[in-house]
Amino acid sequence: MSTRTTGVRSWGTAKRGGGDSRSGRPIPVHHVVARDGDKGLEVLRMPLEDRGETLAVFSAGWAARGYLFAEAPGGGWHVKACGPDELFSLLAGPCARVEWVALDPRPGPRGEAANVMPRERFVDYLSSSRAPSRPRGNESETIGGEVHG
C-alpha cells in the first residue's frame with residue numbers, strides 16, 4: 001500500500017501562510033485520512049460503539065500515516081493536512097452528519113479512542129485556535145517597539 005501526505009507542517013506562521021496574520025501566532029494544522037471519491041473528497045470516518053460515525057483527526061502527520069498503515073482501508077487513501085478553516089469546511093460538507101470527533105485515535109478495536117469529543121466542542125476548539133491573541137486585563141502589549149497597556 002502506498003501512502004502520501006499532502007502538507008507536512010504541524011504549525012505554521014504568518015510569514016509562511018499558515019498563521020494568523022493579525023497576531024503572527026502559529027495556527028495548528030491537523031491531519032485527516034482522505035481520498036478523492038466520485039463526489040469529491042472523501043474523509044475517513046470510524047465507527048465507535050454507541051456513537052456512530054466519528055471523524056478521525058490527528059495532531060501529527062506521522063500519527064495519521066501510522067493509523068492509515070495499520071488500518072489499511074483500501075486503495076487511494078492519503079494523509080491530508082488541514083488548517084482550522086479547512087476542517088470547518090469538512091465538518092460542513094462531507095462530514096456534515098458526523099456528531100463526534102476522535103483526536104489521535106489508535107488503531108485497533110473500535111471504541112478505544114482516547115480523545116473523543118462532541119463535534120460542537122471540537123468546533124469551539126478550532127475557533128479558539130484561530131482567534132488572535134489579545135492582552136487581557138493588566139497585561140501589556142508591545143506595538144511598534146513601545147509597551148502599551
Side-chain angles (χ1 to χ4, degrees), residues 1-136 139 141-143:
M1 172 183 73
S2 145
T3 62
R4 65 184 163 101
T5 301
T6 55
V8 291
R9 289 191 311 246
S10 290
W11 292 87
T13 64
K15 290 179 187 173
R16 290 185 289 191
D20 183 334
S21 61
R22 295 168 291 178
S23 70
R25 223 174 61 167
I27 299 293
V29 173
H30 292 84
H31 300 79
V32 296
V33 176
R35 71 177 170 186
D36 297 319
D38 295 337
K39 297 179 182 179
L41 188 68
E42 182 181 349
V43 182
L44 182 69
R45 294 173 291 259
M46 50 191 271
L48 286 181
E49 276 183 31
D50 302 327
R51 295 189 181 167
E53 281 192 337
T54 303
L55 176 62
V57 177
F58 301 88
S59 56
W62 62 264
R65 285 188 300 279
Y67 185 88
L68 175 58
F69 179 75
E71 292 297 313
W77 293 95
H78 60 275
V79 173
K80 178 172 179 45
C82 302
D85 290 338
E86 190 164 7
L87 282 169
F88 288 135
S89 294
L90 290 175
L91 288 167
C95 301
R97 293 185 180 188
V98 169
E99 295 294 325
W100 298 90
V101 174
L103 281 175
D104 296 319
R106 292 181 295 267
R110 303 296 182 226
E112 291 189 20
N115 300 311
V116 178
M117 66 182 75
R119 164 198 191 96
E120 295 80 21
R121 201 151 126 214
F122 184 70
V123 167
D124 289 345
Y125 158 74
L126 288 176
S127 296
S128 68
S129 71
R130 289 177 49 200
S133 60
R134 291 196 168 92
R136 290 182 226 125
E139 295 177 11
E141 180 177 13
T142 303
I143 301 173

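From a predicted model like this one, the values you see are computed outputs, not experimental measurements.
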May I have the step-by-step check of side chain to side chain contact (heavy atoms under 4.5 Å, CB included) for Val123 and Leu91, ending in yes or no?
-> CA-CA 9 Å; Val123 167; Leu91 288 167; 3.9 Å; yes
Looking at the rings of His31 and Tyr67, which for Trp means the six-membered one, are their centres under 6.0 Å apart?
-> no
When rounded to the nearest 0.5 Å, the distance separating CG of Asp36 from NZ of Lys80 is 9.0 Å
Do Phe88 and Leu126 have side-chain heavy atoms sitting under 4.5 Å apart?
-> yes
Please name the pair of heavy atoms, one in Leu90 and one in Cys82, separated by the smallest distance, quoted to 0.1 Å.
-> CD1-SG, 4.0 Å
Pairwise distance CG(Asp124) to CZ(Arg119) - rounded to 0.5 angstrom = 12.0 Å
Starting at SG of Cys95, measure out to CD of Glu42 and round the result to the nearest 0.5 Å.
-> 9.5 Å
What distance separates His78 NE2 from Leu44 CG, expressed to the nearest 0.5 Å?
-> 11.5 Å
Between Val32 and Ala56, what is the shortest heavy-atom contact and its length?
-> CG1-O, 3.8 Å
Where do Arg45 and Pro94 come nearest, in terms of heavy atoms and distance?
-> NH1-O, 3.1 Å
Closest non-hydrogen atom pair between Phe122 and Val57, with its separation = CZ-CG1, 4.0 Å
Steps toward side chain to side chain contact (heavy atoms under 4.5 Å, CB included) verdict (Leu103, Met117) = CA-CA 8 Å; Leu103 281 175; Met117 66 182 75; 3.4 Å; yes
Do Val33 and Val43 have side chains that get closer than 4.5 Å, going by heavy atoms?
-> no
Please examine the side chains of Glu99 and Pro118, heavy atoms only from C-beta on, and report whether any two atoms are closer than 4.5 Å.
-> no
Of the non-hydrogen atoms in Gly76 and Arg35, which two are nearest, and what is the gap between them?
-> O-CB, 3.1 Å
Grab the two heavy atoms, one from Ala63 and one from Asp104, that are nearest each other, plus how far apart they are.
-> CB-OD1, 4.4 Å
